[in-house]
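One-based numbering along the sequence shown. Being a predicted model, the structure only gives us computed values, none of them experimental.
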Amino acid sequence: MLVSNGVSVNTIPDIANTLAETFTKMSTYDNYTPAFQVLKRREERVKLNFSSSNEEGYNSPLTLRELRAALHRSGNTAAGPDGLHYIMLRHLSESSILSLLTLFNRIWETQVFPTQWCHAHVLPFPKPGKDPTSANN
C-alpha cells in the first residue's frame, strides 16, 4: 500500500503510476533554480567529445583483456531492461565476447550510444526512518 495526497493506492499498476508521477514532479525542470536551468540548457547543447590528445591508457579503445577483467569484477546485480545479467556476460563464447568488444569500441570511436541504453528501470527505496507508505519518501 502507498499513500499519496492522503489517498491510499493499493494495486501494483496504481502504485507504479503514483511513484512515477511523484518522481516526475520532484525532478521537473520547474524545480531547478534559474541559474541551473541556464547551465543545463547550455551544457546539453555541447556534443560529447571522447577524443583527447592525452596518451593515457584510458583514452584508448578497450582491449579484450580489459573487458574480461571488468566482467570478472562485476557483481551479480539485477538485470536491466534487456534482461541480461553480468553472470551471463561472464560466460559468453569467444566469438560473442569479441562482438561485445567490437560494440564497445565502436561506441567509443563514434561517440554514439545505442538509443535503448538511454532507458532505465528505476527502483524506489524508502528513505531510512521515513514512512515507507508515503510516495514522497
Tell me whether [X] at atom [atom1] has more than 12 heavy atoms from other residues, nucleotides or ligands lying less than 6.0 Å away.
X	atom1	answer
Arg41	CZ	yes
Asn10	CG	yes
Leu84	CG	yes

Apart from Val3 itself, what residues make up its hydrophobic cluster when side-chain heavy atoms of I, L, V, M, F, W and Y under 4.5 Å apart count as a link, directly or indirectly?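 Grouped by the 4.5 Å side-chain rule, Met1 form the rest of the cluster around Val3.
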For [X], give me all partners under side-chain contact (heavy atoms from CB on, under 4.5 Å), at least two apart in sequence or on another chain.
X	answer
Thr33	Ala35, Phe36
Lys130	Lys127, Asn137
Pro126	Pro132
Pro13	Thr11

Residue pairs involving residues 99-108 (criterion salt bridge (charged side-chain N to carboxylate O under 4.0 Å, His left out); sequence neighbours excluded):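 For residues 99-108, and leaving out neighbouring residues, there are no salt bridge (charged side-chain N to carboxylate O under 4.0 Å, His left out) pairs at all.
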How would you list, by chain and number, every residue that makes a side chain to side chain donor-acceptor pair (under 3.5 Å) with [X], sequence neighbours excluded?
X	result
Asp131	Thr133
Glu66	Thr63
Asn136	none
Lys40	Glu44

If Ile, Leu, Val, Met, Phe, Trp and Tyr residues are connected whenever their side-chain heavy atoms lie under 4.5 Å apart, and connections chain through other members, are Phe113 and Leu89 in the same group?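 Looking at the clustering, Leu89 is in the same group as Phe113.
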Are Leu98 and Leu103 linked, directly or through intermediate hydrophobic residues, by side-chain heavy-atom contacts shorter than 4.5 Å (ILVMFWY only)?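 Yes: a chain of side-chain contacts under 4.5 Å links Leu103 to Leu98.
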From the options Leu62, Asn105, Leu92, select the one residue that forms a side-chain contact (heavy atoms from CB on, under 4.5 Å) with Leu100.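 Going through Leu62, Asn105, Leu92 one by one, the side-chain contact (heavy atoms from CB on, under 4.5 Å) with Leu100 is satisfied by Leu92 alone.
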Can you give each donor-acceptor pair under 3.5 Å made by side-chain atoms of residues 19-26, sequence neighbours left out, with the distance rounded to 0.1 Å?
unit_1	atom_1	unit_2	atom_2	d
Thr22	OG1	Thr18	O	2.9
Thr24	OG1	Ala20	O	2.7

Is there side-chain contact between Ile107 and Val112, with heavy atoms separated by less than 4.5 Å?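 SC-SC contact between Ile107 and Val112 ruled out.
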Spatial distance of atom CD1 (Ile97) from atom CG (Leu67) [nearest 0.5 Å]: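 CG of Leu67 is found 4.5 Å from CD1 of Ile97.
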Nearest-0.5 Å distance, CG of residue Asn31 to CD of residue Gln37: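 One gets 9.5 Å once the value is rounded to the nearest 0.5 Å.
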Determine which pairs satisfy side-chain hydrogen bond (donor to acceptor under 3.5 Å, both in side chains) with at least one residue from residues 86-96, sequence neighbours left out, and list them in order.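 side-chain hydrogen bond (donor to acceptor under 3.5 Å, both in side chains) check on residues 86-96 returns Arg68-Glu94, Ser74-Arg90, Asn76-Arg90, Ser93-Ser95, Ser93-Ser96.
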